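Since we're looking at a predicted model, the values are computed, not measured.
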Amino acid sequence: MNRPSLFILLILLASVLCDGTFDKTKLKGVSPQDAKLYKGSQFTCKDGSKTLAASYINDDYCDCLDGSDEPGTSACPNGVFHCRNIGYIGIDIPSSRVGDRICDCCDGSDERDVKVATKNWFSTDETIQPLCPNSCGNLARIWRQEQEQQLALHQEGLEVRAKHSADALVALDSHRQELEQEKSKAAALEEERIGAQGRHSTAEEQEKLVQQVQDKIKEEEERVKAEQEAEAQETLPQEIEPTLPVEEVEEEEEEEEEEEDVPTPEPEEDDNSELGLLKKATKKFREELSEVENRIRDNKRRVDELEELLRTDFGTDNQFFYMKGQCYEADTPEYIYELCPFDKVTQKPKSGSPTSLGTWSKEGNTEWTQTHQTMMYTGGVRCWGGPDRSAKITLYCNRETKLSDVNEPNKCEYTMRLGTPAACSPAQVEILKKSLSPVHDEL
């Protein structure tokens with residue numbers, strides 16, 4: 001080959017190297033979903049501020065304001081490097097960590113250009129190898145075991161949840177029937193009350209009339225008796241009372257005053273007299289009316305309880321109904337925390353009275369209605385110099401129902417976690433199954 005031909009060949013080679021043709025090595029640090037942005041002879045910054053030749057990508061110089069032209073170098077302080085971590089989970093890290101001799105990616109891609117020399121103990125030779133060996137396989141195996149355990153837990157939890165839902169269906173249907181019966185009973189009880197009220201009023205009125213007649217007769221008898229005694233007193237000769245010493249006179253006066261202070265017991269009413277029989281009837285009807293009114297109060301209270309119960313949101317398929325009426329405790333060194341779902345939360349010292357951390361209300365649980373993952377209990381005892389106590393309960397999938405992880409991130413605002421099979425969801429099972437399916441890398 002003569003010199004002119006060689007010169008022309010060199011010019012052609014230089015033009016090829018400098019025309020910005022796409023180079024696959026430029027994809028270092030690029031996520032699969034962004035790969036299409038880096039293909040072609042030109043590259044436009046993600047923020048749209050500039051369009052560059054492809055050769056500017058990963059040239060260790062920051063051209064884009066958003067750092068998108070340097071995903072594989074540490075040139076841009078705001079750049080993002082994607083660890084592909086094939087076989088495991090891809091993650092994004094700040095591109096400033098690339099080449100800092102710290103292994104951030106399990107596949108070692110952030111330190112791929114950093115090599116270390118390792119001495120062989122059996123010879124003087126040195127082995128050059130990457131600073132960060134690929135550990136994604138080991139992490140993937142551990143992660144997969146954990147995911148499989150979570151999948152098994154959720155599947156078992158779903159079976160228990162299904163049983164809770166079936167039991168709730170039967171129980172709630174029974175409560176609906178009871179509510180209808182109690183409402184029907186209310187009308188009958190009201191009629192019974194009206195009848196008892198009438199009987200009591202009639203007997204009471206008759207008793208009053210007879211009592212008035214007898215009182216008048218008694219007054220007349222006492223008047224006549226008083227007149228007769230007065231007439232008899234006038235016909236008796238006057239006797240001279242002996243003069244007594246002052247001390248004896250005072251003693252007699254005190255004895256007379258004491259006798260006047262002692263109430264004169266009324267003679268017992270003959271049970272077989274007209275008034276006695278009426279009093280017995282009035283008492284009987286009064287007790288009957290009181291008993292009916294007590295049953296009406298019990299009926300109203302039960303109707304209110306059932307209506308409130310049936311209005312409560314126990315989950316999409318009432319899977320949380322089984323917790324109603326139950327209480328769960330979490331023991332800490334200083335206190336025992338007790339959660340009674342759909343009712344209240346209390347804090348009990350090892351010795352002493354419990355303190356209310358809040359009560360359940362439908363109005364304060366809009367998030368519960370939307371997700372069934374968080375419960376709020378508000379309006380607890382007010383803190384000294386602080387707000388009313390409150391508690392936020394986060395639910396998670398668990399084989400058994402267990403209260404744990406009590407914290408107080410802010411003054412008098414408590415957080416807890418409640419594990420329950422009712423929190424295990426079919427959607428999460430599908431997510432876990434999908435995560436365990438074979439990983440496909442698009443790059």
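A salt bridge links Arg302 and Glu178; the closest N-O separation between the charged side-chain nitrogens and carboxylate oxygens is under 4.0 Å. Using a 4.0 Å cut-off between a side-chain N of Lys or Arg and a carboxylate O of Asp or Glu, Arg144 and Glu148 qualify as a salt bridge. With respect to Glu111 and Arg101, no salt bridge is recorded, no charged nitrogen being found less than 4.0 Å from a carboxylate O. Salt-bridge check for Asp66 with Lys46: failed, with every basic side-chain N at 4.0 Å or more from each acidic carboxylate O. Electrostatic pairing of Glu307 and Lys183 counts as a salt bridge here, judged by a charged N lying under 4.0 Å from a carboxylate O. The pair Asp298-Arg295 does not count as a salt bridge, with every side-chain nitrogen at least 4.0 angstrom from each carboxylate oxygen. Ionic pairing of Lys284 and Glu287 is not present here: no N-O contact between side-chain nitrogen and carboxylate oxygen is shorter than 4.0 angstrom. Of the charged side-chain nitrogens involved, at least one lies within less than 4.0 Å of a carboxylate oxygen, so that Arg199 and Glu288 count as a salt-bridged pair. Taking the charged nitrogens against the carboxylate oxygens, Glu308 and Arg311 do have a contact shorter than 4.0 Å, which makes a salt bridge. One finds no salt bridge joining Arg389 and Glu413 here, because no Lys/Arg side-chain nitrogen approaches an Asp/Glu carboxylate oxygen to under 4.0 Å. Ion pair Lys350/Asp331 flagged as a salt bridge, since at least one NZ, NE, NH1 or NH2 atom sits closer than 4.0 Å to an Asp/Glu carboxylate oxygen.
Between the side chain of Asn318 and the main chain of Ser165, no donor-acceptor pair closer than 3.5 Å is present. Panel note: side chain Asp107, backbone Asn85; a donor-acceptor pair is recorded below 3.5 Å. Not a single donor-acceptor pair under 3.5 Å links the side chain of Ser174 to the backbone N or O of Val170. Under the 3.5 Å distance criterion, the side-chain polar atoms of Gln319 are matched with a main-chain donor or acceptor of Asp317. In this structure, the side chain of Asn407 does not engage the main chain of Thr415 through any donor-acceptor pair within 3.5 Å. Checking side-chain atoms of Asp69 against main-chain N and O of Cys64 turns up a donor-acceptor pair under 3.5 Å. Side-chain N or O atoms of Asp343 include none that pairs as donor or acceptor with a backbone N or O of Trp360 at under 3.5 Å. Trp368 places a side-chain N or O within donor-acceptor distance of the main-chain N or O of Asp313, the cut-off being under 3.5 Å. Under the 3.5 Å distance criterion, the side-chain polar atoms of Lys344 are left unmatched by any main-chain donor or acceptor of Gly358. The main-chain N or O of Trp143 is never found under 3.5 Å from a side-chain atom of Tyr88 such that the two would form a donor-acceptor pair.
When only modelled atom types and interatomic distance are considered, Ser96 and Ser74 share no side-chain donor-acceptor pair under 3.5 Å. When only modelled atom types and interatomic distance are considered, Tyr322 and Thr401 share a side-chain donor-acceptor pair under 3.5 Å. Side-chain N/O atoms of Gln147 and Ser435 include a donor and acceptor closer than 3.5 Å. No side-chain donor-acceptor contact under 3.5 Å links Gln347 and Tyr335.
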Practice prompt. Kindly determine whether Tyr328 and Ser404 satisfy side chain to side chain contact (heavy atoms under 4.5 Å, CB included), including the steps that lead there.
Written response: CA-CA 10 Å; Tyr328 307 96; Ser404 63; over 6 Å; no
Item to complete: With side chain to side chain contact (heavy atoms under 4.5 Å, CB included) as the test, would you mind laying out the steps for Ser184 and Glu182 before giving the verdict?
Response: CA-CA 5 Å; Ser184 300; Glu182 291 294 333; over 6 Å; no
Discussion item. Could you go through Gln197 and Ile194, starting from their C-alpha distance and side-chain angles, then the distance that decides it, and tell me whether this counts as side chain to side chain contact (heavy atoms under 4.5 Å, CB included)?
Written reply: CA-CA 5 Å; Gln197 179 77 53; Ile194 293 172; 5.6 Å; no
Fill in: Tyr38/Phe43 under ring-ring contact (aromatic ring centres under 6.0 Å, His included): CA gap, chis, key distance, verdict
CA-CA 6 Å; Tyr38 292 83; Phe43 170 76; 4.6 Å; yes
Item to complete: Could you walk me through whether Phe314 and Leu309 pass the side chain to side chain contact (heavy atoms under 4.5 Å, CB included) test, one step at a time?
Response: CA-CA 9 Å; Phe314 293 113; Leu309 179 72; 3.8 Å; yes
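Between Ser290 and Phe285 there is no side-chain heavy-atom pair separated by less than 4.5 Å. A heavy-atom distance below 4.5 Å is found between the side chains of Arg161 and Pro426. Residues Asp59 and Glu70 have side chains in contact (heavy-atom distance under 4.5 Å, counting atoms from C-beta outward). You'll find the side chain of Leu153 stays beyond 4.5 Å of the side chain of Gln149, heavy atoms only. Gln373 places none of its side-chain heavy atoms less than 4.5 Å from the side chain of Thr394. Using a 4.5 Å heavy-atom threshold, the side chains of Val381 and Asp388 count as separate. Looking at heavy atoms from C-beta onward, Ile393 lies in side-chain contact with Leu339 at the 4.5 angstrom threshold. The side-chain heavy atoms of Met416 and Asp405, taken from C-beta on, include no pair separated by under 4.5 Å.
Heavy atoms only, all atoms of each residue included: Pro421 and Arg399 are closest at CG-O, 3.2 Å. Nearest approach of Tyr61 to Ala75, heavy atoms of both residues: N-CB, 3.8 Å. Here the closest heavy-atom approach between residue Asp104 and residue Ile91 is recorded as O-CD1, 4.0 Å. Nearest heavy atoms, Pro387 versus Cys412: O-CB, 4.3 Å. Between Glu190 and Ile296 the shortest heavy-atom distance is OE1-CD1, 4.2 Å. Nearest heavy-atom pair, Leu432 versus His154, reported as atom, atom and distance to 0.1 Å: CD1-ND1, 3.8 Å.
Interatomic distance, Leu306 CG to Gln181 CD, rounded to the nearest 0.5 Å: 10.0 Å. Rounding to the nearest 0.5 angstrom, the gap separating the CG atom in Asp63 from the SG atom in Cys76 is 7.5 Å. Considering CG of Leu27 and CD1 of Ile57, their distance stands at 7.5 Å, rounded to 0.5 Å. Annotation: the span from Thr420 atom OG1 to Tyr396 atom OH amounts to 9.5 Å, rounded to 0.5 Å. Within the model, atoms CG of Leu403 and CZ of Arg417 stand 10.5 Å from one another, a figure rounded to the nearest 0.5 Å. Atoms CG and CD, on Leu189 and Glu293 in that order, are 11.5 Å from each other to the nearest 0.5 Å.
At least one cation-pi condition fails for Arg97 and Phe81: the charged atom is not both under 6.0 angstrom from the six-membered ring centre and inside a 45 degree cone around its axis.
Crowding of Lys208 atom NZ: a count of heavy atoms from other residues, nucleotides or ligands under 6.0 Å not exceeding 12.
On the SG-SG cut-off of under 2.5 Å, Cys83 and Cys105 qualify. Cys424-Cys397 SG separation is under 2.5 Å; the pair is scored as a disulfide.
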